There are 2 protein chains.
Amino acid sequence: MAGVSPATVSNVLTGRRVRAESAQRVKEAASSLGYAVDRAASQLRSGRARVVAMLVPSLENPFFTSIVAAVERRLRTDDHDLVVASAADDVATEHSRLQALLSWRPAGMIVIPCTDDFAGASLLAAAGTPYVVLDRVGGAHSADTVAVDNVTAGLEAARHLIDLGHRRLLIVASARTLSNIKLRCKGIVEACAAAGLEEPALIEVGFDLESAVDRLQTWLSTHERPSGIIALTNFATLGALASLARFSVSIPGEVSLVGFDDYAWMRAAAPSITAIRQPVEAMAELVWDRLRARIDGDSSPVVQAMLPVSLVIRASTARCQTGDPAAGLPGQGLRRPSRTGGRQREQGTGRGAKA
Amino acid sequence: MAGVSPATVSNVLTGRRVRAESAQRVKEAASSLGYAVDRAASQLRSGRARVVAMLVPSLENPFFTSIVAAVERRLRTDDHDLVVASAADDVATEHSRLQALLSWRPAGMIVIPCTDDFAGASLLAAAGTPYVVLDRVGGAHSADTVAVDNVTAGLEAARHLIDLGHRRLLIVASARTLSNIKLRCKGIVEACAAAGLEEPALIEVGFDLESAVDRLQTWLSTHERPSGIIALTNFATLGALASLARFSVSIPGEVSLVGFDDYAWMRAAAPSITAIRQPVEAMAELVWDRLRARIDGDSSPVVQAMLPVSLVIRASTARCQTGDPAAGLPGQGLRRPSRTGGRQREQGTGRGAKA
DNA sequence: TTGTAGGCGTTATCAG
DNA sequence: CTGATAACGCCTACAA
């Protein structure tokens, strides 16, 4: 239609030097025909893929989907496409999805494994596909990894509560097997030790909200109530919140809560939730930088990157009111949880100027 | 490695009839080599794709990601893969992402458009790719559509509040341009008319939580306070919640709130949120049924499917307390918002037996 | 700068 | 039931 040979069309569409006039004609023809290069054929012939595959444990968890979204944005600017698969939190499914992903012959792969020992590593190695392990960096990986500083995350959460005078802490986690969780606990234990406190109790609530609430309620009704709770995943945060609500425990009046991950609903909740925020955008950035380097042939030794988290202080944490003599200021009575309380460093959800 | 010809390997791997012994040898070889058929080559030669493309307005909105997850699950059982792209809430991006998706030559496509008039329809038609429009079914589509009964959704939300004695309603929406939103409003207006009420005010809060809260606060401080609020998207729900919290308005004591979409955090919030739940799983099911039929050559007239929503009653709505004489029972004083109040038909977040 | 020829890994076809 | 062979749409190399 443009009156040129297929080779010229290819040259235009892949951005090679072509006479301006021909290029113009080709582009017009392409857009009027709605023509786009067939990726399958292109990839088959050129051997280059411009596709990155991503394997995540679940697409129901907003932490993972927000990372997927960030990675997709990043890839788009580099003209790559993303193929995602969900392992449905199951190692068998993870394996079969990995196979499926590999059949795309992607240029590279980003994996958030289901478990610490990522069994798929050998498949990836056999296929010669460069990959980066993200977030759940438990076992010994022979690939680049990008994760968050989980120890410091736990440490900061605990220190925040301890600074507020809390002595009885409770840790709520979805599951304790993941090394991510273990490291967060380690940080908490360190902070406690530094403050002369015992290792706090940990309760595992699983991945179902109903049973999470049940388990927490059982625990709370058979143990002395903690004054500070640290939830180690966004799901655990939800579970803790729901349980406390059912017991009509006021936050932060009776119990202070530090959540994990930072989502819009935590800002909108009453009270808004103090939380550890993971640097999703930075993780996406870094993981793609690493992966792209490997795709481009970088063969330097693997690097294990670790990103810092940040503690976003909102209204769900306040000075301990239980009157423990070691807790500093004994309370001004049982203060109603206040959305404008003094411990809130973030401006709520608005810019706050006119509030 | 299996000592057979490539054709036989292909026959085994695509599940055709082959002598058991050969099949066995091929499978063993494949798994020991980690071999999987190259999709690009397979698709090129066979013309069949086993890939479905999905274009969504955003991957940051949990409503869309939950649909993506449901579709992915559905496709997996039928041995298809999913390629997703996000339009980043922008029509220009939508167009370019659509092009990119089309270059995969997918067997079919599922589209949730950014706007009511889906400009990409012509591209899809030109490519001859079967597609189904999902959720945002505004304009006149020449393709199958799957959506929710938005009018009834609005009607039920409003009727629920009206039944509780509320007369002053406020509608909170992200944007009023989408026909989804208009239909939900229409339902609300219908319910109001049936109850002899005026058309309620509508406030548009945009897509940024900060400014949403600002706008709502401005409105609330310059108008008489409504006793019932209906939020028409999950984001609007968040905005309404955040605003009310900042004004220290108690829910449902002073204002009842009906939210949209149903997520875990709504169950865990204090109070838990009454909400319109969209049948995500059923939508995914239906959209794939339709699309698969079209892929398989069904050329019957297009169908516009409409699924019912359900109202999940929780603790954020209660009988109107403002003492309007028309509102039925005048209040038993200003009841503290209670998580176990009589209007709550759902059992909170747990099975509740021991609560 | 442009055209021609060949082949990427797979599957459809057809002969054996 | 299996093997040889051609062709899918494109890109690269090389020739013009």
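Keep in mind that the numbers below use all heavy atoms, side chains included, and drop hydrogens, waters and symmetry copies. First the proteins, then the strands, lettered A, B, ... as listed; each starts at 1. The model shown is predicted, which means the values in this text are computed figures rather than measured ones.
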Distance check needed: [N] [atom2] versus [X] [atom1], whole Å only.
X	N	atom1	atom2	result
B:Leu102	D:dG9	CG	P	16 Å
A:Arg39	C:dG9	CZ	P	19 Å
A:Asp38	C:dG9	CG	P	16 Å
A:Arg50	D:dC10	CZ	P	17 Å
B:Arg17	D:dC1	CZ	P	5 Å

Within the distance-only criterion (no hydrogens, no angle test), does the side chain of B:Arg74 pair as donor or acceptor with the backbone N or O of B:Glu285 below 3.5 angstrom?
-> no
Got a donor-acceptor contact below 3.5 angstrom from the A:Tyr263 side chain to the A:Phe63 backbone?
-> yes
The correct set of residues in residues 18-32 of chain B placing a heavy atom under 4.0 Å from DNA chain D is B:Val18, B:Arg19, B:Ser22
Heavy-atom contacts, protein to nucleotides 11-16 of chain C, under 4.0 Å, summarised as B (base), S (sugar-phosphate only) or - (none) per nt, yield BB----
Give the intermediate values and the outcome of side chain to side chain donor-acceptor pair (under 3.5 Å) for residues A:Thr8 and A:Ser22.
-> CA-CA 8 Å; A:Thr8 302; A:Ser22 318; over 6 Å; no
Residues 95-103 of chain B, side-chain donor-acceptor partners within the protein, below 3.5 Å, at least two apart:
{"from": "B:Ser96", "atom 1": "OG", "to": "B:Thr93", "atom 2": "O", "distance (Å)": "3.2"}
{"from": "B:Arg97", "atom 1": "NH2", "to": "A:Asp81", "atom 2": "OD1", "distance (Å)": "3.4"}
{"from": "B:Ser103", "atom 1": "OG", "to": "B:Ala100", "atom 2": "O", "distance (Å)": "2.6"}

If you measure from CG on B:Asp135 to CD1 on B:Ile67, what distance do you get to the nearest 0.5 Å?
-> 5.5 Å
Find the bend of the helix from C:dT1-D:dA16 to C:dG16-D:dC1 as the angle between its two terminal axes (five pairs each), to the nearest 10°.
-> 30°
Ion pair check, B:Arg76 and B:Asp79, cut-off under 4.0 Å | no
Residue list, salt bridge (Lys or Arg N to Asp or Glu O under 4.0 Å) with A:Arg19, at least two apart or on another chain = A:Glu21
Might you work through the side chain to side chain contact (heavy atoms under 4.5 Å, CB included) test for A:Glu72 and A:Met54, ending with a clear yes or no?
-> CA-CA 10 Å; A:Glu72 205 252 7; A:Met54 187 160 177; over 6 Å; no
Is there a side-chain contact between A:Glu60 and B:Pro62, using heavy atoms and a 4.5 Å cut-off?
-> no
Short side-chain N/O contact from A:Tyr35 to OP1 or OP2 of D:dG9, under 4.0 Å = no
Could you go step by step and tell me if B:Phe118 and B:Glu94 meet the side chain to side chain contact (heavy atoms under 4.5 Å, CB included) rule?
-> CA-CA 10 Å; B:Phe118 173 49; B:Glu94 181 178 66; 4.0 Å; yes
Partner residues of A:His141 under the ring pair (Phe, Tyr, Trp, His ring centres under 6.0 Å) criterion, sequence neighbours left out = none
